[in-house]
Structures are given as structure tokens and as C-alpha cells.
Amino acid sequence: MRVFSGIQPTGQIHIGNYLGAIKHWVELQENHECVFCIVDLHSLTIPFDPSALQKRILETAITHLAVGINPEKAILFVQSRIKEHTELTWLLNTICPIGELGRMTQYKEKSRQFKKNINAGLLNYPILMAADILLYQTDIVPIGKDQKQHLELTKTIAKKFNQKFKQTFKIPQAQIPKIGAKIMALNDPKKKMSKSVPQSCLFLFDEPQEIKKKIMSAITDTGKIIKFDPAKKPGISNLLTIYSLFDNQPIEELEKHFKDKGYAEFKKSLAKILINSLEPFRRKRKELLSREIYVREILNQGAKRAQVIAKSVIVNVRKKMGLT
Ligand code: AQP
């Protein structure tokens, strides 16, 4: 079974990216053929600084390695190195219904967020994502809840292509965690934690003091009771989810444990759990920061391995569409 997933080098990786996606990649690499991609072409759809992009890509690669992606097991590479991604995007553009694109939640949200930069790339983002996935004949796509709609469109595009040009693509399935698929913003628990809104995030490599400060000032709800109720208590429910996943304790147990205790005590305890859980990641990252050549070599080797798969699939697609 082949697994594909990607992450944008749009900023530091936060605990939402980790709990929703990367944590599961680390598990899946043990018994699946995994292809993990730093999707730099996707990141161009929102405002960015070209002079900082290479550094961001390198930092994203270091993050993968620091949390446990093993380059001996998984393929790790940068999207723009493999030209087939853009070629397949164009080909899929020609069969993707335009109405579907305008309905995508991410497109609507990002258009509101970046009013002065509503570019065609933002609209076509899901087609590039479909190309990423289909190019590797993917079986499983481990993602957070926010990407579910894009994955559904990928399936629609793949089925349409197969109908029109004969069986070509595997139909991929989303793998979305039951808990942690949508970690909410610390500064507004009704919105998702998002890299492009830094004040919403707890980053994986935040230092202990920062973690404590962010957790203690995370927006919670009125009242005192520590209870999981996302509709009425979104703030405390979000923190309970984070606590439960990092401490491997069911939410009900945490509710019992903190029954007669206030928010401050709960938050202090959560900060401690996070400081300890994230410590190995911080340590590994610091070590990798001084090994840039080693990290670049991993990306080079990853690109070579990805290229072999991508080439064989695009040759078949071209043939099916009558291009060769
Ligand atoms: N808040 C979240 N909770 C759970 N999973 C999340 N993911 C993102 N945010 C959360 C999952 O992380 C993977 C990589 O995300 P991405 O970088 O490709 O793009 P994104 O979904 O757009 O992530 P961000 O953090 O919101 O970045 P920006 O602000 O740059 O757009 C995906 O599997 C995603 O589901």
C-alpha cells in the first residue's frame, strides 16, 4: 500500500499539523511505502518572500526528520524538483469541473484572508493536490479534516479521468484521525490552528517558556468546569484534546482527574506535558540545524526515488490522452 501526503513550507510546523497528519506518517512508514512531499508550489498561492523560501523548505525537511520520519524507510522530497507535478496538474485542469473549485472551503477562506492576492493558483490549488496524489498511484492519504474536501475532489477527478481515458489512476482513500483531525487556534478556538496565523499556533519547537506562556493565555470559555463539549466549551475541549493525545489518556479520565480543579491548574499541567513531550523534537532539531548538507542530500535522494515513480505514471497518462 502506498501512502502520500504533503505539507507546505509556509511557516513553522504546529501541533495541529503534527497531531492531524505528521504523527500518523511516522507510524505508517513502518509498514507502508511512504512518499512525503514538501509542497513548495502550493505555498506560492499565498504571499511569500522568495529570499526566505529555500530556508523554509530546509526547515520543513528538518522538522520531518526531527519528529521521526526515517529517510531509509520513507521518500522525502521537494515538490518543485519533480516537473511531472506541474505537467499532470495541467492535464487534470482540462477535466476538472470549474464549479467544484469555487466551492472549496479553503479557497473561500484564503480569498477572505488574502483579499489583495486572490490568484488563479489559489483556485486551482486542489488540482495540484490531485496531481501530487495521483502521480504516485496512492492508496492512502493521511490528512487533517480541513483537507477532506480536496481529497474528495481528487477522487472525482481520478474517476472522471479513468472513465474518459480508460483505467489509469488508483482511487485514493483519506485517512483522517478520529481525534485531533482539527486542532483549533489557541487565540480563537472556533477557527483552526493555521501556520499562516502565527498567533493561533503552538509550534513544535517552541521553547518551554513560550509553551507555558501560550497555554496559560489560550482562550478558554466562561465557567470553571473542565468538560469536553466542543459546541459550548470550544476552548477547553480543544485543550483537552491536545492533553489527551500528548499524554495518551482518554478525555474522560482527564475530566475525572480535573473535576474539582480550575482552569489554571489544568493549563499548568498541560504546559508541563507539552514541554516534556516536545523536548526530544527540540533536541533533534538543534542537532540537525548544524547538518545542512546531510539534510539536503536526503532531499536529493528522495527526489531521485520519487522521480522514478512519477515518470512511469506520466508516461502512461500521456499515452492514454493521445499525447504520444
Ligand atoms: N489545525 C489543524 N489540525 C489538524 N490537522 C491540521 N493540518 C493543518 N492544520 C491542522 C493538517 O496538516 C497537514 C499539512 O498542512 P498544510 O501545511 O499542507 O496546509 P494547511 O492545511 O493549509 O495547514 P495550515 O497550518 O493551515 O497552513 P497554512 O496556514 O499555510 O494554510 C494537512 O494534512 C492538514 O490537514
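Computed from a predicted model, the values in this text were never measured in an experiment. Atoms within each ligand, like the ligands themselves, are counted from 1 in listed order.
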So, the side chain of [X] versus the backbone of [Y]: is there a donor-acceptor pair under 3.5 Å, distance only?
| X | Y | result |
| --- | --- | --- |
| N238 | P189 | no |
| S237 | D229 | yes |
| N17 | H14 | yes |

Give the atom numbers and elements of ligand 1 that come within less than 4.0 Å of a heavy atom of [X].
| X | answer |
| --- | --- |
| G20 | 4 (C), 5 (N) |
| K110 | 28 (P), 29 (O), 31 (O) |
| G6 | 14 (C), 18 (O) |
| I143 | 33 (O) |
| G180 | 4 (C) |
| A181 | 3 (N), 4 (C), 5 (N) |
| S194 | 24 (P), 25 (O), 26 (O), 28 (P), 29 (O) |

For [atom], what is the nearest protein heavy atom, given as residue, atom name and distance?
| atom | result |
| --- | --- |
| atom 6 (C) of ligand 1 | G16 O, 3.5 Å |
| atom 1 (N) of ligand 1 | I183 O, 2.8 Å |
| atom 19 (O) of ligand 1 | Q8 NE2, 3.3 Å |
| atom 16 (P) of ligand 1 | K195 NZ, 3.7 Å |
| atom 7 (N) of ligand 1 | N17 ND2, 3.6 Å |
| atom 13 (C) of ligand 1 | A21 CB, 3.8 Å |
| atom 14 (C) of ligand 1 | I7 CG1, 3.5 Å |
| atom 33 (O) of ligand 1 | G144 N, 3.3 Å |

Intermediate values then yes/no, salt bridge (Lys or Arg N to Asp or Glu O under 4.0 Å), K73 and E30: CA-CA 7 Å; K73 292 183 176 156; E30 294 308 321; 2.8 Å; yes

Pair E287 + R283: basic N to acidic O under 4.0 Å: no

With the threshold set at 4.0 Å, does a side-chain nitrogen-carboxylate oxygen contact exist between E279 and R282? no

Closest to atom 20 (P) of ligand 1 among K192, E109, M184 (heavy-atom distance): K192

Just one of Y263, F228, Y243 clears the ring pair (Phe, Tyr, Trp, His ring centres under 6.0 Å) bar with F258, so which one? Y243

What do you reckon, does [X] have a nitrogen or oxygen under 3.5 Å from a nitrogen or oxygen of ligand 1?
| X | answer |
| --- | --- |
| I46 | no |
| Q147 | yes |
| P142 | no |
| T10 | yes |

If you apply the rule salt bridge (Lys or Arg N to Asp or Glu O under 4.0 Å), what do you find for E292 with R296, and how did you get there? CA-CA 6 Å; E292 191 177 321; R296 289 203 186 283; 3.2 Å; yes

For [X], which part has a heavy atom under 4.0 Å from ligand 1: side chain, backbone, both, or neither?
| X | result |
| --- | --- |
| D146 | side chain |
| S196 | both |
| S43 | neither |
| M193 | both |

Angle class for the F36/W25 ring planes (parallel below 30°, perpendicular above 60°, tilted otherwise)? parallel

Aromatic plane relationship, F4 with H85 - under 30° parallel, 30 to 60° tilted, over 60° perpendicular: tilted

Strictly under 4.0 Å, does any heavy atom of [X] approach an atom of ligand 1?
| X | answer |
| --- | --- |
| G11 | no |
| H14 | yes |
| L19 | no |

The reported gap from OG in S196 to CZ in F48 (rounded to nearest 0.5 angstrom) is 14.5 Å

Supply the atom-to-atom distance L239 CG to S244 OG, rounded to the nearest 0.5 angstrom. 12.5 Å

Answer yes if the side chains of Q106 and D146 hold a donor-acceptor pair under 3.5 Å, and no otherwise. no

Are Y18 and T63 close enough that a side-chain donor and a side-chain acceptor fall under 3.5 Å? no

Answer yes or no: does atom NZ of K145 have more than 12 heavy-atom neighbours from other residues, nucleotides or ligands under 6.0 Å? no

I need the minimum non-hydrogen distance between G68 and Q29, along with the two atoms involved. O-NE2, 2.7 Å

